[in-house]
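A quick write-up on the structure given underneath.
Treat the numbers as computed from the prediction; the structure is a model and nothing was measured.
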Amino acid sequence: MPRRPRVVLPGVPLHVVHRGNNRNPCFFSDRDYFVYLKWLREYAVQTECSVHAYVLMTNHVHLLLSGASSEGPGALMKAVGQRYVQYVNRNYERSGTLWEGRFRSCVAQDERYLLVCQRYIELNPVRAGMVSHPRNYKWSSYRINAEGHPSDWIRPHYMYAGLGGTDASRQAAYRSLFQTDLDTKTVNAIRNATNKNLVL
């Protein structure tokens, strides 16, 4: 059966999920997370992609990003994915694949879903039962977007920027979005769209 064509539009946010093969771990130590984020930052610049949000889970990655071109996100994921596999295989004396094939994605074309999708990403560790609040998980962009932790590479989307006139007011407004959980229908809609490369 042919693969469904991937929908990628220049400048339009894309929710990306890249899973470990057979849902096996792809991060094994704190250093691994640091290394992945370092290369994500590096290749985002090279491929002219803006990363708005991220979370690195034990066996998968979620990103919210926009590309200046339709080729940018694919080039970013290929570059960081291949380099990270080489790093893991070398450092853990393993061989073969690490990722479960191509990354999956959905376009957050409707602006109403942009911040919903961003919350979905940063709430992943809470839904997984790893932490009680997203601020307690250090491998996500929550503390950058919600609490102003410094970052020289996370690029806020204009929908996020529109939450307030100052950094403090934007962060406060963003934090308020996390006072309620995402409902099951919304979570399932995001998962379905991402798994099937649909438009959200």
Locate the shortest heavy-atom distance separating [X] from [Y]; write the atom from each residue and the value.
{"X": "Ser169", "Y": "Gly165", "answer": "OG-N, 3.2 Å"}
{"X": "Ala44", "Y": "Val51", "answer": "CB-CG2, 4.1 Å"}
{"X": "Gly67", "Y": "Cys49", "answer": "CA-SG, 4.0 Å"}
{"X": "Leu163", "Y": "Ala173", "answer": "O-CB, 3.7 Å"}
{"X": "Gln171", "Y": "Glu147", "answer": "OE1-C, 3.8 Å"}
{"X": "Pro134", "Y": "Ser140", "answer": "O-OG, 4.4 Å"}

Does any N or O in the side chain of [X] come within less than 3.5 Å of the main-chain N or O of [Y], such that one atom is a donor and the other an acceptor?
{"X": "Arg19", "Y": "His60", "answer": "no"}
{"X": "Arg170", "Y": "Gly164", "answer": "yes"}
{"X": "Asn21", "Y": "Leu98", "answer": "no"}
{"X": "Asn89", "Y": "Gly96", "answer": "yes"}

With a 4.5 Å cut-off on side-chain heavy-atom distances among I, L, V, M, F, W and Y, is there a chain of contacts connecting [X] to [Y]?
{"X": "Trp39", "Y": "Val45", "value": "no"}
{"X": "Val55", "Y": "Leu14", "value": "yes"}
{"X": "Leu40", "Y": "Leu64", "value": "yes"}
{"X": "Trp153", "Y": "Tyr160", "value": "yes"}
{"X": "Phe34", "Y": "Leu56", "value": "yes"}

Side-chain contact test, heavy atoms from C-beta onward, threshold under 4.5 Å: evaluate it for [X] versus [Y] and give yes or no.
{"X": "His18", "Y": "Tyr84", "answer": "no"}
{"X": "Phe103", "Y": "Leu76", "answer": "no"}
{"X": "Leu37", "Y": "Tyr54", "answer": "yes"}
{"X": "Asn91", "Y": "Asp32", "answer": "no"}
{"X": "Asn124", "Y": "Arg127", "answer": "yes"}
{"X": "Arg41", "Y": "Asp152", "answer": "yes"}
{"X": "Met77", "Y": "Tyr43", "answer": "no"}
{"X": "Met130", "Y": "Met57", "answer": "yes"}

**Asked** What residues, two or more places apart in sequence or in another chain, satisfy side-chain hydrogen bond (donor to acceptor under 3.5 Å, both in side chains) together with Arg23?
**Response**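 Scan of Arg23 (side-chain hydrogen bond (donor to acceptor under 3.5 Å, both in side chains), adjacent residues dropped) gives none.
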**Request:** For side chain to side chain contact (heavy atoms under 4.5 Å, CB included), just list the numbers for Arg175 and Tyr142, CA-CA rounded to whole Å, side-chain angles, deciding distance to a tenth of an Å, and then say yes or no.
**Result:** CA-CA 9 Å; Arg175 288 195 301 272; Tyr142 176 84; 3.8 Å; yes
**Request:** Please list, chain by chain and in numerical order, all residues satisfying ring-ring contact (aromatic ring centres under 6.0 Å, His included) with Tyr120, sequence neighbours excluded.
**Result:**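 Expected list: His15, His62.
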**Request:** Check the pair Tyr113, Ile190 against side chain to side chain contact (heavy atoms under 4.5 Å, CB included), reporting the backbone distance first and the verdict last.
**Result:** CA-CA 9 Å; Tyr113 286 106; Ile190 293 172; 5.6 Å; no
Separation of [Y] [atom2] from [X] [atom1] (nearest 0.5 Å):
{"X": "Arg104", "Y": "Asn197", "atom1": "CZ", "atom2": "CG", "answer": "8.0 Å"}
{"X": "Trp99", "Y": "Asn24", "atom1": "CH2", "atom2": "CG", "answer": "12.0 Å"}
{"X": "Thr180", "Y": "Leu182", "atom1": "OG1", "atom2": "CG", "answer": "7.5 Å"}
{"X": "Ile154", "Y": "Arg143", "atom1": "CD1", "atom2": "CZ", "answer": "13.0 Å"}
{"X": "His157", "Y": "Leu114", "atom1": "NE2", "atom2": "CG", "answer": "4.5 Å"}
{"X": "Leu65", "Y": "Ser105", "atom1": "CG", "atom2": "OG", "answer": "9.0 Å"}

**Item:** Partner of Ser141 by side chain to side chain donor-acceptor pair (under 3.5 Å), out of His149, Gln118, Glu122
**Value:**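 Exactly one candidate clears the test, Glu122.
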**Request:** With Thr186 as reference, evaluate Asp183, Asn188, Thr184 under the side chain to side chain donor-acceptor pair (under 3.5 Å) test and give the passing residue.
**Result:**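 Single pass found, and it is Asp183.
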**Request:** Among residues two or more places apart or on two chains, list those pairs meeting salt bridge (charged side-chain N to carboxylate O under 4.0 Å, His left out) that have a residue in residues 75-90.
**Result:** Glu42-Arg83
**Asked** After noting the C-alpha distance and the side-chain angles of Val17 and Arg191, does the key distance pass the side chain to side chain contact (heavy atoms under 4.5 Å, CB included) rule?
**Response** CA-CA 10 Å; Val17 180; Arg191 287 174 176 165; over 6 Å; no
**Prompt:** Relative to each other, are the rings of Tyr33 and Trp139 parallel, tilted or perpendicular (30° and 60° limits)?
**Reply:** parallel
**Message:** Ser66 vs His52, test: side chain to side chain donor-acceptor pair (under 3.5 Å). Steps then yes/no.
**Reply:** CA-CA 8 Å; Ser66 302; His52 311 302; 2.7 Å; yes
